[in-house]
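Note sheet for the following structure.
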Amino acid sequence: MGFFSPLLSAAVVNTAGKHMSLWESMQPPEDISVNGHLIDWLFGYTTYMNIFFFILVCAGLFGFSYFYQAKKHPKAYYTYGNRKIHVIVATIIGLSVFIGIDMNITRMSNNDFVGVFTNWPKEEENPVQIQALAQQWAWHFRYAGKDGVFNTEDDVVQLNDLRLPIDRKVIIQVLSKDVIHSLYFPNARRKVDAIPGRLTRVWWEPTKAGNWDIACAEMCGTYHYRMKAHLTTYSQEDYAAWLEEAQEKALQENDPENPELFWGWKWQW
């Protein structure tokens, strides 16, 4: 298997070659992460609760319009909605929306954020460490070379091409070279801003091997739409083989006299 074969053509075939129905086009991308279902659940809950109350409001508007139409009630009845029963009903509906949707969403999202997404992998868990540099309009990804130290001449540097193993946590530190970008993994439901002069980070754990898309989720300039990269997820054995091959290639091809090679930084836990 040639690990350095171009991925662009395969990705185009996978996405453009398949004709999707309207329903399929409305579905979220396939979730290939351990915790992506938490985002899907929150999104689904928010959507369905809003649809429920939208239907409830529409039923009230159209129902009362029908029951109190001019044919049935030729003499208008004026009310200011300040009777006790009106206040009680309005208060119950308002509290139901506030507690059932707003506060419940806040509770669930806070639990996910504190209990899962900020539970950063520890060094002893041996997560895959990646450094990502954004610039108009490309993503650069850096792996430590055989010396295990970032920003040295044996590093593996990829342009718009990220390779990860499945069933192993990945932590990515992100920086921008020019303007604000956002590193977005649609299939993992994860994204993080890339900010000039400020290091940000994100972690997730892939669960399925395959080819996927990486996008920029921040309007970053004229050619923002071109800021696309490709993610390949391997089994751990295939990833180890690819990394070994990439490290050997880096040792042979990296030019230590080229200052453009050393855009990385010291890894910070």
Side-chain angles (χ1 to χ4, degrees), residues 11 14-67 81 86 88-120 164 166 169-170 172 174 180-194 200-220 224-225 227-231 233:
N14 286 339
T15 56
K18 181 182 178 184
H19 176 71
M20 293 189 294
S21 65
L22 177 62
W23 176 250
E24 288 176 328
S25 65
M26 294 171 63
Q27 300 303 306
E30 182 181 0
D31 179 20
I32 61 162
S33 66
V34 170
N35 298 312
H37 68 281
L38 298 173
I39 303 297
D40 288 345
W41 163 253
L42 190 64
F43 185 84
Y45 178 82
T46 306
T47 301
Y48 292 130
M49 290 302 290
N50 277 284
I51 290 175
F52 172 77
F53 280 99
F54 175 75
I55 293 174
L56 191 64
V57 170
C58 287
L61 286 173
F62 293 107
F64 287 126
S65 297
Y66 174 77
F67 288 117
H86 296 158
I88 292 174
V89 170
T91 302
I92 290 174
I93 294 175
L95 286 176
S96 298
V97 173
F98 179 68
I99 296 174
I101 299 180
D102 298 343
M103 294 306 296
N104 209 22
I105 291 173
T106 301
R107 179 189 61 80
M108 289 189 291
S109 59
N110 183 70
N111 288 345
D112 293 344
F113 180 73
V114 174
V116 177
F117 296 116
T118 58
N119 188 16
W120 298 98
L164 297 175
I166 62 172
K169 294 179 179 178
V170 178
I172 306 173
V174 185
I180 296 177
H181 304 271
S182 186
L183 182 62
Y184 179 35
F185 299 96
N187 296 92
R189 316 293 193 258
R190 303 291 288 134
K191 66 178 180 178
V192 64
D193 282 350
T200 57
R201 59 180 179 167
V202 64
W203 80 270
W204 60 286
E205 183 176 341
T207 57
K208 183 177 181 180
N211 295 326
W212 320 98
D213 290 329
I214 300 173
C216 176
E218 187 78 36
M219 181 60 188
C220 58
H224 162 69
Y225 66 94
M227 198 159 173
K228 177 183 177 182
H230 302 282
L231 166 66
T233 47

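Annotation: K191, atom NZ; neighbour count of heavy atoms from other residues, nucleotides and ligands within 6.0 Å does not exceed 12. The environment of CH2 in W120 is crowded: more than 12 heavy-atom neighbours from other residues, nucleotides or ligands sit within 6.0 Å. Annotation: Y45, atom OH; neighbour count of heavy atoms from other residues, nucleotides and ligands within 6.0 Å is above 12.
When all heavy atoms of D102 and T106 are compared, the pair lying nearest together is O-OG1, 2.8 Å. Looking at every heavy atom in both residues, R201 comes nearest to V192 through O-CG2, 3.5 Å. Minimum heavy-atom separation, D213 to H230: OD1-ND1, 4.2 Å. Between R190 and F117, the shortest heavy-atom contact is CZ-CD2, 3.6 Å. Contact between H181 and C216 at its shortest, heavy atoms only, is CB-SG, 3.8 Å. Nearest heavy atom pair, residue V170 against residue P206, reads CG2-CD, 4.0 Å.
Looking at heavy atoms from C-beta onward, R189 lies out of side-chain contact with W204 at the 4.5 angstrom threshold. Between F52 and I101 there is no side-chain heavy-atom pair separated by less than 4.5 Å. Taking 4.5 Å as the limit, every side-chain heavy atom of Y184 sits out of range of all side-chain heavy atoms of I214.
A donor-acceptor pair is defined here as one N or O able to donate and one able to accept, closer than 3.5 Å; such a pair exists between the side chain of T207 and the backbone of I32. T200 contributes a side-chain N or O that, together with a main-chain N or O of D193, makes up a donor-acceptor pair within less than 3.5 Å. The main-chain N or O of L164 is never found under 3.5 Å from a side-chain atom of T233 such that the two would form a donor-acceptor pair. For D31 (side chain) and H37 (main-chain N/O), a donor-acceptor pair under 3.5 Å exists by modelled atom type. Checked by atom type and distance alone, the side chain of H224 pairs as donor or acceptor with a backbone atom of E218 at under 3.5 Å.
In this structure, CG on L42 lies 9.0 Å from OG1 on T47, to the nearest 0.5 angstrom. In this structure, CE in M219 is found 14.0 Å from OG in S182, a value given to the nearest 0.5 Å. Rounding to the nearest 0.5 angstrom, the gap separating the OG1 atom in T46 from the CH2 atom in W41 is 10.0 Å. Summarising the geometry, atom CG belonging to L183 is positioned 8.5 Å from atom CE belonging to M227; distances are rounded to the nearest 0.5 Å. Atom CG of L38 is separated from atom OG of S109 by 11.5 Å, given to the nearest 0.5 angstrom. With rounding to the nearest 0.5 Å, the separation of CD1 in I88 from CD1 in I93 is 12.5 Å.
Residues satisfying the side-chain contact (heavy atoms from CB on, under 4.5 Å) test with H86, not counting sequence neighbours, are T79, R83.
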Intermediate values then yes/no, side chain to side chain contact (heavy atoms under 4.5 Å, CB included), L56 and F53: CA-CA 5 Å; L56 191 64; F53 280 99; 4.1 Å; yes
